[in-house]
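The structure under discussion appears below in the form of structure tokens.
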Amino acid sequence: MVAVTAALIGFFAFVIMRVTTPQMTTLFTDLSTEDSSGIIKELERQAIPYELRNDGAAIMVPKDKVTRLRMKLAEGGMPKGGGVGYEIFDKSDALGTTSFVQNINHLRALEGELSRTIRAIDRVQAARVHLVLPERPLFSRETPEPSASIVLRVRGALEAQQIRAIRHVVASAVNGLKPQRVSIVDETGQLLADGAATDGDATAGDERRTAYEKRIRKQVEDIVSSVVGAGRARVQLAADFDFNKITETSDKFDPEGRVLRSSQTREESSLTADNSGQVTVNNELPGNQNNDNAARAKDQSKKSEETNNYEISRTTKTEVTEAGRVNRISVAVLVDGSYAKNEKGEMVYQDRSKEQLDRIATLVRSAIGFDQKRGDQVEVVNLRFAEPPATTPIIEPTGLLGMLQFTKDDVMYVIELGVMMLLGLVVLFMVVRPLVKRIVAADPAPRAGPVPALADAGAHGADGSAGATGQALIPSNSAAAQLIDVAQIQGQVHAQAVHRVGELAERNPNETVSIVRQWLSEPAES
């Protein structure tokens, strides 16, 4: 009895504690040891119950306090993500620390800060950065270039622009690091950026073409959908880009255009005299020469020279064609027909007229900047769209049903309560109820009437004094009266005898019936 009672008390205590215990849910997962210890310290300070899972990597808290705790911990900068930042220098003792240890700590701090910065980008769940910062060897003219490798755990997939942003952020934070020297790998081992020298140019070209196609396609879809209806047009656009950069320089001379740049004029005159070939002192004297010049002059000459320099007209033209020229655009537009009700009220499909398709094509050409010289193509085709499969509309509950919407956690909690209640009922009816009945049956109430006579007779019969016939079991009137008096006074003493009489009656039903009949046939006492 003590063991059963203790078991029942323990069972119901477990049920009550299980029902009253708040429902626990995940606060954070994949925590480092530092983050886990900091969060636990904060929870203990606020006296909030918690549970640890996966060796402290996951923390469970009551469901109704998850949102408030996350905001409160985020305000305090937790969790930090397990990376070691520049706070590594806050508690370090610089006295006695070697330069090698300081360099290692600086590298660890830089990697940790970059990891935190990368995790701030959308879709990035975790990041790990490895930097290689080689030192310049002595007496070396060439300096080794630094490099970096990044491992990311992402939610979904990163866009090309986000990958480029990560590479440029890391390259800008490390002295001498180029974006082309940064390699990025995701958690599945897929190479997102291989660090090739031409990878950046190719990626930029693809992004430019994709953005151009997306913008033009959206313009065409908007203008066509406004005519044929939303969802009744499909547009595909392909743009051929030329990413070659061309520089042209040309010189042009105009023979008709002349400009006088300089002019020079020179005049010379000479006089020849006849002295008969004689050279004398008198002839060489200045006075004699002047007197005889006019008479003796026989030949006089004069020379004039003029030089003019002209500037020829010249035109120099330099043309630089940047990369990303559109060579050709091809557009394919598929439009659905129109639907109208017939006389029976049924929806009937009708093809669009050629005139309407031509107008749509004209609008498309204007939207894309159609140029026939570069070979642009525009095709507008009218075909019937495939009808989508009939779907049953989702009816959201309103009123009282809308207020009683349960989540998966609520359903599981209700099921758990139901199982506990069912187990309690099973224990109550299968254990407690039979135990109580057995305790009550072990102490029956005393019986009055002629039963003690049967008990005495049964006792004698059990001792072997009774015969095989029913007449030998019939007592006299005086003996029955005495037994009745004794039974009234000492009924509790003969409880065991009564039980034996009952067993005797069950074993010998015929004799018991004959005794009862004999009692009924006897006259009442006077």
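By convention here, the first residue in the shown sequence is residue 1.
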Less than 4.5 Å apart, side chain to side chain, heavy atoms only: is that true for [X] and [Y]?
X    : Y    : value
M71  : T67  : yes
K317 : K252 : no
V185 : S149 : no
V326 : F241 : yes
L152 : I166 : yes
I223 : V227 : no
I40  : L52  : yes
R217 : K214 : yes

Which atoms form the tightest heavy-atom contact between [X] and [Y], and what is the distance?
X    : Y    : result
S147 : L177 : CA-CD1, 3.6 Å
E187 : V154 : OE1-N, 3.3 Å
D122 : Q162 : O-NE2, 3.7 Å
D376 : R374 : OD2-NE, 2.7 Å
A127 : I118 : CB-CG2, 3.8 Å
Q180 : R167 : CA-NH2, 3.3 Å

For P146, the option from L133, V132, N175, V182 that meets side-chain contact (heavy atoms from CB on, under 4.5 Å):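 Between P146 and the candidates, side-chain contact (heavy atoms from CB on, under 4.5 Å) is satisfied uniquely by L133.
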Are any side-chain N or O atoms of [X] and backbone N or O atoms of [Y], one a donor and one an acceptor, separated by less than 3.5 Å?
X    : Y    : result
R232 : S225 : no
Q219 : I368 : no
E111 : L131 : yes
D336 : F385 : yes
N382 : V335 : yes

Is it the case that atom [atom1] in [X] sees more than 12 heavy atoms from other parts of the structure closer than 6.0 Å?
X    : atom1 : value
Q46  : CD    : yes
Q350 : CD    : yes
R123 : CZ    : yes
R384 : CZ    : yes
D251 : CG    : yes
Q236 : CD    : no
R352 : CZ    : yes
K65  : NZ    : yes

How long is the straight-line distance from [atom2] of [Y] back to [atom1] of [X], given to the nearest 0.5 Å?
X    : Y    : atom1 : atom2 : value
T362 : L357 : OG1   : CG    : 10.5 Å
L237 : S330 : CG    : OG    : 8.0 Å
I48  : R68  : CD1   : CZ    : 5.0 Å
E213 : I329 : CD    : CD1   : 9.0 Å
I104 : H106 : CD1   : NE2   : 11.5 Å
L27  : R70  : CG    : CZ    : 6.0 Å

Stepwise side-chain contact (heavy atoms from CB on, under 4.5 Å) test for K341 and M347: CA-CA 5 Å; K341 293 184 179 180; M347 299 298 295; 3.4 Å; yes
Salt bridge present between E113 and R116 (N-O < 4.0 angstrom): yes
Ionic contact status for E221 with K218, cut-off 4.0 Å: no
Check against side-chain contact (heavy atoms from CB on, under 4.5 Å), F28 and L69: CA-CA 10 Å; F28 292 110; L69 283 176; over 6 Å; no
side-chain contact (heavy atoms from CB on, under 4.5 Å) assessment of V174 paired with L114: CA-CA 10 Å; V174 180; L114 288 175; 4.2 Å; yes
Derivation and outcome, side-chain contact (heavy atoms from CB on, under 4.5 Å), residues L158 and V124: CA-CA 8 Å; L158 291 178; V124 177; 4.1 Å; yes
